[in-house]
Amino acid sequence: MKDFIKSRLHSFGHAFNGWSYVLRTQPNTWIHATITALVLILAFWLQLSLQDWAVLLLTIMVVWAAEFFNTAIESMVDLASPGEHPLAKVSKDAGAAAVLITALISILIGLLILGPPLLGKINSF
């Protein structure tokens, strides 16, 4: 059991190293972080329902996961193909497109969930 716990802690260390790498090296993650913080503050202020919180958190997680997967893809492509290659470009472009799609859909979800209660608060002032 002690070895199991030790190996799990070691695995968490690898995960936090990856998280740190993405935050240090990918400029778009700071955009994601800023928007994440603003959305969470706004959701708290609007006192959203648990269901709305669940959808928002799931949406945030999907965008972050896409960014992390995209970074992993880019790193693997750079390792496998240090020079320019058309297929390397396809891999990187497809990964970037996945992040873009999740980010755009997350904006729509955010507007659907945050929009009505925000308009209600604004109208009450």
* Asked: Can you list the residues that meet the salt bridge (charged side-chain N to carboxylate O under 4.0 Å, His left out) rule with Asp93, with sequence neighbours excluded?
  -> Lys89
Let me confirm one number: the [atom1]-[atom2] distance from [X] to [Y], rounded to the nearest 0.5 Å.
X: Ser11; Y: Phe16; atom1: OG; atom2: CZ; answer: 11.5 Å
X: Ile113; Y: Thr59; atom1: CD1; atom2: OG1; answer: 6.0 Å
X: Met61; Y: Leu56; atom1: CE; atom2: CG; answer: 12.5 Å
X: Leu112; Y: Ile105; atom1: CG; atom2: CD1; answer: 10.0 Å
X: Lys92; Y: Ile73; atom1: NZ; atom2: CD1; answer: 11.0 Å
X: His32; Y: Gln26; atom1: NE2; atom2: CD; answer: 9.5 Å

* side chain to side chain donor-acceptor pair (under 3.5 Å) with Ser20: which residues, sequence neighbours excluded? -> Arg24
Within a strict 4.5 Å, meaning less than it, do heavy atoms of the [X] and [Y] side chains meet?
X: Leu9; Y: Lys6; answer: no
X: Glu67; Y: Val63; answer: no
X: Leu118; Y: Trp45; answer: yes
X: Trp53; Y: Leu58; answer: no
X: Ile60; Y: Ile35; answer: no

Shared ILVMFWY cluster between [X] and [Y], side chains joined below 4.5 angstrom?
X: Ile109; Y: Val39; result: yes
X: Leu119; Y: Leu114; result: no
X: Leu46; Y: Phe44; result: yes
X: Phe125; Y: Leu42; result: yes
X: Leu57; Y: Trp19; result: yes

* Partner of Thr34 by side chain to side chain contact (heavy atoms under 4.5 Å, CB included), out of Leu38, Thr36, Ile31 -> Leu38
* Mind checking whether His10 and His14 have parallel, tilted or perpendicular rings, split at 30° and 60°? -> perpendicular
* Asked: What's the shortest heavy-atom distance between Ala66 and Ala98, and which atoms?
  -> CB-O, 4.3 Å
* Asked: Would you find a donor on one side and an acceptor on the other, under 3.5 Å apart, between the side chain of Ser75 and the backbone of Thr71?
  -> yes
* State whether the side chain of Asn70 and the backbone N or O of Val99 hold a donor-acceptor pair below 3.5 Å, judged by distance alone. => no
* Charged tip of Arg8 within 45° of Phe12 ring normal and under 6.0 Å -> no
* Just by distance, with hydrogens left out, do Trp64 and Thr29 show a side-chain donor and acceptor under 3.5 Å apart? -> no
* **Sequence neighbours excluded, every pair satisfying side-chain hydrogen bond (donor to acceptor under 3.5 Å, both in side chains) that has a member inside residues 100-125** => none
